[in-house]
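Letters A, B, ... mirror the listed sequences (proteins, then strands); counts begin at 1.
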Amino acid sequence: MPAVQDTIDRVRKIDVDQYKYGFQTEIAMDKAPKGLSEDIIRFISAKKDEPSWMLEWRLEAYRRWVTLDEPKWARVHYPKIDFQDLYYYAAPKSTPGPTSLSDVDPELLRVYEKLGIPLKEQEILAGVQKTDVSEFEEASDNVYKSGRVAVDAVFDSVSVVTTFKKELAQAGVIFCSISEAIREHPELVKKYLGSVVPTSDNFYATLNSAVFTDGSFVFVPKGVRCPMELSTYFRMNEKNTGQFERTLIIAEEGAYVSYLEGCTAPQRDENQLHAAVVELIALDDAEIKYSTVQNWYPGDAEGKGGIYNFVTKRGDCRGDRSKISWTQVETGSAITWKYPSCILRGDDSSGEFYSIAVSNGYQQVDSGTKMIHLGKNTSSRIISKGIAAGFSQNTYRGQVSAHRKATNARNFTNCDSLLIGDQCGAHTVPYMEAKNATAQFEHEATTSKISEDQKFYVMQRGIPEEEAIALIVNGFVKDVIQQLPMEFAVEAQKLIGISLEGSVG
Amino acid sequence: MLEIRNLHARIVDDGTEIIRGLNLTVKAGEVAAIMGPNGSGKSTLSYILAGREDYEVTEGEILYNGQSILEMDPAERATAGIFLAFQYPMEIPGVATMEFLKVAMNEQRKARGEEPLKIPEFLKRVKDAAALLDMDMAMLKRPLNVGFSGGEKKRAEILQMKLLEPKLCVLDETDSGLDIDALKIVSEGVNALRAPDRAIVIITHYQRLLQYIVPDSVHVLYRGQVVKSGDKSLALDLEANGYAGVIGQAA
Ligand SMILES: Nc1ncnc2c1ncn2[C@@H]1O[C@H](COP(=O)(O)OP(=O)(O)OP(=O)(O)O)[C@@H](O)[C@H]1O
Ligand SMILES: [Mg+2]
């Protein structure tokens, strides 16, 4: 991730349509036949050398899924998905499993290089860039002094390479692909998988449980502060491949981990389905910070193509005084359906949701969070910034609820929407429900248009129109950007600028 | 350097004509003062020079170094060297003043085909300019103009002007809202910018500023026209006798 400046410059040059990451790699793929059935699930499970309990778990989810209907309540519209017309397994042929860098298909490495992912360790070491006016920006507390990032790159379905593994192992941290975790750490996977998002949770989560092919696994043992940021790059490459990652992060008592997820996918004509499940578990006094920058293909100027992103992300503050923080920058996908949530089960636990959702062209975003207060003295904070341009629709949907035993539950919600142009829409749908009289919920919401006065003032200083808008928008989202680890923040700001290109006449 | 010929301009929204046949010439190296009663069109003129889209030029020409600027957008005009110190500077929430300065300076450099400034060089320039204007560096970490006092906003405008090194500086009531000490400091800052290849246009209501920044010419604007021009003594005359005499002649 930290190759930031470079990434943007390089990717800009590629310039396919509006989408700057639209290139496709020619690599032989190994895939399952189209469609979904118990046989396909057996195929996936066998490909991954899974133990039988895992296969059973998948089959159970599948049998449940066939009885479910797609949810309809979100403010998104798309043609019906034919789930039998998708591939559920695709793996680059040249990589039978995670290997060392020297074994990796050089073509793959070139793709990552184009994206600016610092796969090589020296690049990682050299790659961290502070924001330019560093002298004037207080380094956020959450930036690791070493500034290093460990990357678990996922190329379609197989985790290609994992860096820094050894060093993490020394600290007792497990960071590997979920497939590897199923084989190497079955007791941990058995204990935690599906414990936050059960296989029965919702249509997409159930589908994911049946067919997930890869994803990341993180385990930080008791008392350990993970010595570096953990980062995953997901990338969909093969045509018509639904990608179903499964991520599981566990922070034991007093542990701390910050996890970065970045996503780019090459351009497609057909819509690609993406239905990930992410589960976070924080035990007593543990803290998990999960940051996402999502910039998948949003579709072309007419609204054709683009990724359908139906994600279930949920964190369980299982222990007392635990803390889970979600930060997301959503700039891509044709459709985003995503509500990273926190279950505040432990007493004095806290949850945070910081979100920037940018929509342009014909993108449809329906995103937000759920904060479910169960324990005593739990608190949650929601800061959502929606930016709508072009013909896009941008909805914030949030739910804050306090159980009747959740005395002194507190929530602060702030939702701001910014409109660029007059063909787009911004919507705020907050649900609040307190079954305990001591709950204190606060909600603020604003909707504004980018002001001509501001734009003129900024342009008068020699800043061209699109840059002027990007600057004003980045100011608007500053509160959230500050929550990101620093090397991520720079890239996020540039991405916001890129995704708003063409939003003005 | 600046030549405005028979300029007519109206508000796009409702068609009201604000500038009605205005003529004005300002030479390189010259400091010109523009005075005139409230609502006479001074700020509007400055906006039109800077290329604001709310106004439409229906007749006449604006020549800058002999070239028409009417087809250029505000950023292009700024890059060509036209700077406007606003009467009411805009607040830009979430954008640190330092960051804004850096983006503005580097965008102008980029347009001229120059490399972006190296950070140490950038910081040095900002520190030097801020010191001259007696501005606290801590303030420059704050979002541009957000919560700045009236005087601080005006100083921040002059700071930007110094750093961007424009060729045509238009200052719209930069003196209003400044205390006496600040007025001196800002005036010194402006005087330091006087140069043979630079023109400065100062819009003001008060002779006091013109004691510090002594103009080469003074022009009175009334109902969208320059109704009288003279040297610095004209400002003294207006201070003593008001606009009645001048306007009377024009009417
Ligand atoms: N966008 C606009 N919409 C409506 N009226 C406008 C607009 N712009 C200017 N005007 C009107 O045009 C006239 C000139 O305004 P302008 O601000 O240029 O005056 P000024 O000479 O700068 O006055 P002051 O000395 O009070 O600053 C005023 O009557 C003002 O109300
Ligand atoms: Mg005015």
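In this structure, the portions of Ala50(B) lying under 4.5 Å from any heavy atom of chain A include both its backbone and its side chain. Only the side chain of Leu144(B) comes within contact range of chain A, judged by heavy atoms closer than 4.5 Å. Using a 4.5 Å cut-off between heavy atoms, Arg52(B) touches chain A through backbone and side chain atoms alike. Both the backbone and the side chain of Pro89(B) have a heavy atom closer than 4.5 Å to some heavy atom of chain A. For Ile92(B), the parts sitting under 4.5 Å from any heavy atom of chain A are the backbone and the side chain alike. Contact of Tyr88(B) with chain A is not made at all, since no heavy-atom distance falls under 4.5 Å. Proximity to chain A is limited to the side chain of Asp73(B), based on heavy atoms less than 4.5 angstrom apart. Of the atoms belonging to Val458(A), heavy atoms from both backbone and side chain fall under 4.5 Å from chain B.
The aromatic rings of Tyr457(A) and Phe100(B) lie parallel to each other, with less than 30° between the two planes, well short of the 60° mark.
Within 6.0 Å of atom CD in Gln67(B), 12 or fewer heavy atoms from other residues, nucleotides or ligands are found, so the atom counts as exposed in its surroundings. Within 6.0 Å of CD in Glu121(B) there are more than 12 heavy atoms belonging to other residues, nucleotides or ligands. With a 6.0 Å radius and a threshold of 12 heavy atoms from other residues, nucleotides or ligands, Glu114(B) has its CD atom above the threshold.
Among Arg461(A), Glu467(A), Met459(A), the one residue that satisfies the side chain to side chain contact (heavy atoms under 4.5 Å, CB included) test with Glu107(B) is Glu467(A).
In terms of non-hydrogen atom pairs under 4.5 Å with chain A, the most contact-rich of Lys110(B), Gln160(B), Glu53(B) is Gln160(B). Options Asp479(A), Ile481(A), Ile463(A) differ in how many heavy-atom pairs under 4.5 Å they form with chain B, and the most are formed by Ile463(A).
Note that the CE atom of Met90(B) and the CD atom of Glu452(A) stand 11.0 Å from one another [nearest 0.5 Å]. Distance CG/Asp54(B) to CG/Asp453(A): 7.0 Å, rounded to 0.5 Å.
Judged purely by atom type and a 3.5 angstrom limit, Gln460(A) uses its side chain to pair as donor or acceptor with the backbone of Leu84(B).
When every heavy atom of Phe456(A) is checked against every heavy atom of Gly51(B), the shortest pair comes out as CE1-C, 4.0 Å. The shortest non-hydrogen separation linking Val95(B) to Leu471(A) is CG2-O, 3.4 Å. When all heavy atoms of Ala78(B) and Gly462(A) are compared, the closest pair comes out as CB-N, 3.3 Å.
Contact annotation: the side chain of Glu91(B) never approaches that of Ser451(A) to less than 4.5 Å [non-hydrogen atoms, C-beta and beyond].
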